[in-house]
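What's counted below: heavy atoms across the whole structure, side chains too, no hydrogens, waters or symmetry copies.
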Amino acid sequence: MLDVVVLFFVLGVAAKCFKSDLRLPEALYETLSIYLLLAIGLKGGIEMSKQSLLDLAPQVAVCLSLGFAIPFLLVPVLRRLGLSAVDSAALAAHYGSVSVVTFAVANSFLQKRGVPVESHAALWVALMEAPGLIAGIWLARRGLREATSLNWRELAHDVFLGKSVLLLVGGLLIGAFMGEAGTASIKNVFIDPFKGVLALFLLELGLVAGARLGDLRQHGLKLVGFALIAPMGLAVLGALAGVLMGLSQGGVTIMATLAASASYIAAPTAMRIAVPQANAGLSITAALGVTFPFNIVLGIPLYFEMVQRWMP
């Protein structure tokens with residue numbers, strides 16, 4: 001059974017396909033994205049405050065390693081599909097990073113089914129946001145034979161202090177420092193309305209994805225096939241990482257979903273700054289036009305079913 005928030009995404013796609021004049025103000029879209037990033041970070045930080053950071057060290061290592069490794073695994077596949085070295089690396093970076101909204105939908109999916117998830121799962125999102133971007137940028141610059149000319153200090157500033165990473169990590173730190181009692185006064189703003197705000201954000205993403213359906217014909221069936229098949233392969237890799245981390249059934253499902261997701265907020269910004277030669281339309285079409293809808297409609301239930309079979 002579909003989660004109600006997914007139907008808001010379907011509504012947005014349908015509205016665009018039928019040429020409705022429905023649109024959300026750009027300022028509202030920006031506000032909703034800021035809210036979601038902060039809320040996810042806060043919730044994860046509150047739960048982190050209840051645990052020993054030393055116990056989380058192995059999970060930190062696995063998440064960083066997984067995010068960094070994914071672009072190296074995908075670039076050879078994309079090269080065989082005929083993409084240039086630069087476009088392959090840029091697209092792989094989008095899949096090496098993660099989608100915060102896909103994480104939120106997966107969390108909602110599991111909550112609806114009463115499947116518990118490790119309370120600090122938002123930490124995994126924060127950890128996996130940047131390593132894939134760094135790996136993808138290095139691969140892209142190597143493809144341009146300009147690796148030595150890249151200003152890594154400037155790049156680190158753009159990646160780690162970009163909006164998505166800054167808000168997510170900032171929320172985590174605030175939640176971890178203040179704890180449940182210290183954040184109780186803002187619970188009615190950042191915790192309780194979360195799902196309703198997520199539904200509005202998905203409505204806007206549905207409108208954006210619907211507008212990009214025409215791009216699929218331009219980029220061909222190979223790109224569509226990659227954007228559908230790669231998430232399933234990466235989900236298996238993420239699930240194996242979750243098992244290695246000793247996570248619960250819900251936690252392994254979240255790790256599978258994170259590995260299968262593709263960034264369409266942080267990654268396009270980082271690629272535009274560091275590798276302007278890459279075809280941005282190619283990456284956005286694959287990540288937002290194909291992989292994101294696939295994950296939230298079909299992928300998450302499939303990953304959950306896979307994990308159930310592995311961990312009965």
Measure from the side-chain N and O atoms of [X] to the backbone N and O of [Y], and report whether any donor-acceptor pair falls under 3.5 Å.
X    : Y    : value
S33  : E30  : yes
D87  : N279 : yes
S20  : A15  : no
S88  : A85  : no
T253 : Q249 : yes
S108 : A104 : no
T285 : L282 : no
Q277 : V86  : no

Applying a strict under-4.5 Å side-chain criterion to I, L, V, M, F, W and Y, I'd like to know whether [X] and [Y] cluster together.
X    : Y    : result
I296 : L198 : yes
I46  : V125 : no
L240 : V252 : yes

To the closest 0.5 Å, what do you measure between [atom1] ([X]) and [atom2] ([Y])?
X    : Y    : atom1 : atom2 : value
N295 : L302 : CG    : CG    : 9.5 Å
L123 : M128 : CG    : CE    : 11.5 Å
T31  : L24  : OG1   : CG    : 11.0 Å
L56  : L127 : CG    : CG    : 9.5 Å
I186 : L38  : CD1   : CG    : 9.0 Å
F292 : L205 : CZ    : CG    : 5.0 Å

Problem - Ring-ring centroid check Y95 F226, cutoff 6.0 Å - result: yes
Practice task
Please find out if less than 6.0 Å separates the ring center of Y35 from that of F190.
Solution key: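 Between Y35 and F190, the centre distance is under 6.0 Å.
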Can you name the closest pair of heavy atoms from [X] and [Y] and give their distance?
X    : Y    : result
L133 : S97  : CD2-CB, 3.8 Å
K16  : G210 : CG-C, 3.4 Å
L172 : A122 : CD1-O, 4.2 Å
F194 : A39  : CD1-CB, 3.7 Å
G175 : S49  : O-CB, 4.1 Å
A227 : A286 : CB-O, 3.8 Å

Given side chains that start at C-beta, do those of [X] and [Y] come closer than 4.5 Å, heavy atoms only?
X    : Y    : value
L91  : L83  : yes
K195 : V5   : yes
F294 : M232 : yes
F9   : V105 : no
L74  : L234 : yes
S99  : Y264 : yes
M255 : V243 : no
P231 : Y303 : yes

Practice task
Could you check V117 against L247 for side-chain contact (heavy atoms from CB on, under 4.5 Å), going step by step and ending with a plain yes or no?
Solution key: CA-CA 9 Å; V117 176; L247 303 181; over 6 Å; no
Problem - CA sep, side-chain torsions, deciding dist, call: V98, S263, side-chain contact (heavy atoms from CB on, under 4.5 Å) - result: CA-CA 5 Å; V98 294; S263 171; over 6 Å; no
Exercise for the section: Decide side-chain contact (heavy atoms from CB on, under 4.5 Å) for E118 and I254; before the verdict, give the C-alpha distance in whole Å, the side-chain angles of both, and the deciding distance to 0.1 Å. Expected result: CA-CA 9 Å; E118 281 74 2; I254 291 292; over 6 Å; no
Exercise for the section: Give the ring-plane orientation class for W124 versus H120, where under 30° counts as parallel, over 60° as perpendicular and anything between as tilted. Expected result: perpendicular
Handout entry: Residue list, salt bridge (charged side-chain N to carboxylate O under 4.0 Å, His left out) with R80, at least two apart or on another chain
Key =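 Once residues adjacent in sequence are excluded, R80 has no partner under the salt bridge (charged side-chain N to carboxylate O under 4.0 Å, His left out) criterion.
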Handout entry: Residue E180 excluded, over 12 heavy atoms near CD under 6.0 Å
Key = no
Practice task
Any chance you could lay out the side-chain contact (heavy atoms from CB on, under 4.5 Å) test for V6 and I300, step after step, and finish with the verdict?
Solution key: CA-CA 11 Å; V6 176; I300 293 170; over 6 Å; no
